[in-house]
Enquirer: 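Got a structure for you, questions after.
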Number of protein chains: 2
Amino acid sequence: MSGPEDPLLITNVAVAVDLAIFTIREQRLQLLLIRRSLAPFRGRWALPGGFVLPGEDIDAAAERELREETGVQRDAAHLEQLATYGAPRRDPRGRVVSVAHLALVADAATPVAGTDAAESRWADVADLPHLAFDHDRIVADGLDRARAKLEYTTLATSFLPTTFTLAELRSVYEIVWGAQLDPANFRRKVLASDGFVVPAAGGPTVHGRGRPAARYEAGGATVLHPPLLRPT
Amino acid sequence: MSGPEDPLLITNVAVAVDLAIFTIREQRLQLLLIRRSLAPFRGRWALPGGFVLPGEDIDAAAERELREETGVQRDAAHLEQLATYGAPRRDPRGRVVSVAHLALVADAATPVAGTDAAESRWADVADLPHLAFDHDRIVADGLDRARAKLEYTTLATSFLPTTFTLAELRSVYEIVWGAQLDPANFRRKVLASDGFVVPAAGGPTVHGRGRPAARYEAGGATVLHPPLLRPT
DNA sequence: ACAAAAGTGTTGCCCTTACACCCATGA
DNA sequence: TCATGGGTGTAAGGGCAACACTTTTGT
């Protein structure tokens, strides 16, 4: 940036990170919420988050919060910056700029302990309460981003454990998009997408009823050319 | 955000906006640079930007900076948040978090006055100097975003005046992507994309040598389903 | 008349879609 | 052996790339 002299006297701002952490549980897309135990919006549901510590990188703060709230390591989940929200009166305490992040985690990440939050829970995105601050907007933006990125990235695998079947992968798309996909065509598309999935080393099968499915794990790729497929 | 008590005592941070402003001039993709007249990185080229004023919304600050540097109004250009950069030591003066924005403007926006910047110029993106702070990274991210968005949005029109020919529109893609496109197929794709362009009301033609081209203006759409076309 | 750019037609190929069909397992 | 889901085959249709062709202007 360029700018006038002595910036540090001009603004007194707190920088926070907020996390929209999505997972798929019980065949539904869910979002991690915490119930605020402190002053503004006390008792209301909100996104997990916290202030960036002095000397701490923003990305590191997001990673730390993710770990604190879900116990998940960075490499076991997807974490990316979403957008920054800085309307002057978005926080009644004063000027707080929030760098919102989008996280996708596997179901296993479930547990949550209450540190600064009184309580926390996974909530269906289809049935969310009205959240504190501008968190409704952040969630909406995060959802848009997640849905859009499924189209042209391998992000869907972030919702699954390290090995998975193609049916499980397909179910991620179906749940996030709310649309049915043809199993045969889905399989072909995914297998034809270079680097999307590779056969899992270990056991080739596992299972319930019907023919056992082969297990796969994420390939190296993150972006798909051309895009995989579209919802409808 | 949630978090500990009395956040405003915890961090003392300045929030800035930096702008990666792209245009197409002289058949090349160019970026607006300013030469720093003040302390850190004095004399070095950098992105235009400045601090967010107390009580000012971040988006408003970006809009103000864009106007100050190019004279362009918001509705005559594209302006969107890019990402936020907040590494602890990215600014030697202290903790400065920068919310970078991406702007695309038409050639007409050229002029620039030197207010807090000693000097400013349009530089070819293919031949940029090493910039101050982490601005090299911001420019790279902005370029990636711009190139990617041409594929599935109507953003290309932001580089052009209110009315334009399909050849001019095609040339935007060719310059930004560095690839040639078939004029016949390009025309069909664009005209088939609902809401991308509409015939311009006024004069149907204008021009140099060869058959005069019809003029169009931007339709209402911003996102294209399916994506327009890909580079190669 | 010729060059040059705008704009239209056409053809062959590939990818997708839809759905029929076979395979492997649990009960 | 039947039900259930995994996995393969295939034929029809649509979209797209490539390129030939026609139109309209300036010189």
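Chain A is the first sequence line, chain B the second, and so forth, proteins listed ahead of strands; every chain is numbered from 1. This structure is a prediction, so every number in the text was calculated from the model and none was measured.
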Enquirer: Rounding to an integer number of Å, can you tell me how far R215(B) CZ sits from dG7(C) P?
Expert: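 About 11 Å, once rounded to whole Å.
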
Enquirer: Write down the distance between CG (L166(A)) and C1' (dT8(D)), rounded to a whole number of angstrom.
Expert: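 Distance check: L166(A) CG to dT8(D) C1' gives 14 Å.
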
Enquirer: So does R187(A) get a side-chain nitrogen or oxygen closer than 4.0 Å to the phosphate oxygens (OP1/OP2) of dG6(D)?
Expert: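 No, outside the criterion.
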
Enquirer: Output all residues satisfying side-chain contact (heavy atoms from CB on, under 4.5 Å) with R187(A), sequence neighbours left out; order by chain, then residue number.
Expert: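 With sequence neighbours excluded, R187(A) shows a side-chain contact (heavy atoms from CB on, under 4.5 Å) to L166(A), L191(A), Y216(A), given in chain and number order.
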
Enquirer: Given dG6(D), dT24(D), dA18(C), identify the nucleotide with an atom nearest to the side chain of R211(B).
Expert: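 The closest nucleotide is dT24(D).
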
Enquirer: Between atom CG in L181(B) and atom C1' in dA17(D), what is the gap in whole Å?
Expert: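 Those two atoms, CG and C1', are 12 Å apart.
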
Enquirer: For A184(B), answer base if it contacts any base atom (sugar-phosphate contacts may also be present), sugar-phosphate if it contacts only those atoms, and nothing otherwise; contact means non-hydrogen atoms under 4.0 Å.
Expert: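 Touches a base.
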
Enquirer: Round to the nearest Å and state the distance from R209(A) atom CZ to dT4(D) atom P.
Expert: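 Taking atom P of dT4(D) as the reference, CZ of R209(A) is at 7 Å.
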
Enquirer: With a sphere of 6.0 Å drawn around CD of Q27(A), does it hold more than 12 non-hydrogen atoms of other residues, nucleotides or ligands?
Expert: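 Check fails, neighbour count at 12 or below.
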
Enquirer: Name all residues meeting the side-chain contact (heavy atoms from CB on, under 4.5 Å) criterion together with E80(A); count only those two or more places apart in sequence or in a different chain, and write none if there are none.
Expert: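 Result, side-chain contact (heavy atoms from CB on, under 4.5 Å) vs E80(A): H78(A), L102(A), R145(A), K149(A).
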
Enquirer: What's the CZ-C1' distance between F164(B) and dA5(C), to the nearest Å?
Expert: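 Between C1' of dA5(C) and CZ of F164(B): 18 Å.
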
Enquirer: Does anything in residues 132-144 of chain A form a salt bridge (charged side-chain N to carboxylate O under 4.0 Å, His left out)? List the pairs, not counting sequence neighbours.
Expert: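 Counting only pairs at least two positions apart or across chains, the salt bridge (charged side-chain N to carboxylate O under 4.0 Å, His left out) contacts touching residues 132-144 of chain A are R90(A)-D134(A).
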
Enquirer: Below 3.5 Å between N/O atoms, which protein atoms pair up with nucleotides 10-16 of chain C? Just atom names and distances, please.
Expert:
unit_1: dT16(C); atom_1: OP1; unit_2: K189(A); atom_2: NZ; d: 3.3

Enquirer: Report the residues that fulfil side-chain contact (heavy atoms from CB on, under 4.5 Å) with A123(A), sequence neighbours left out, ordered by chain and then residue number.
Expert: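 A123(A): side-chain contact (heavy atoms from CB on, under 4.5 Å) contacts with L33(A), R121(A), L128(A).
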
Enquirer: Only counting residues at least two apart or in another chain, list the ones meeting side-chain contact (heavy atoms from CB on, under 4.5 Å) with A184(B).
Expert: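 Partners of A184(B) under the side-chain contact (heavy atoms from CB on, under 4.5 Å) test: D182(B), R188(B).
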
Enquirer: Just the rounded figure in Å: distance from P of dG6(D) to CG of D182(A).
Expert: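 The distance from CG of D182(A) to P of dG6(D) comes to 12 Å, rounded to the nearest Å.
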
Enquirer: Measure the distance from CG on L169(B) to C1' on dA6(C) and round it to the nearest whole Å.
Expert: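 From L169(B) CG to dA6(C) C1': 15 Å.
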
Enquirer: Under 30°, 30 to 60°, or over 60°: which ring-plane class applies to F133(B) and H135(B), parallel, tilted or perpendicular?
Expert: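 Rings of F133(B) and H135(B): tilted, as their planes differ by 30° to 60°.
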
Enquirer: Of all the nucleotides listed (dT25(C), dT24(D), dG7(C)), which has the minimum atom distance to the side chain of P212(A)?
Expert: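 The answer is dT25(C), which lies nearest to the side chain.
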
Enquirer: Take the protein atom CD of Q180(A) and the nucleotide atom P of dC19(C), then report the distance between them rounded to whole Å.
Expert: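 Those two atoms, CD and P, are 14 Å apart.
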
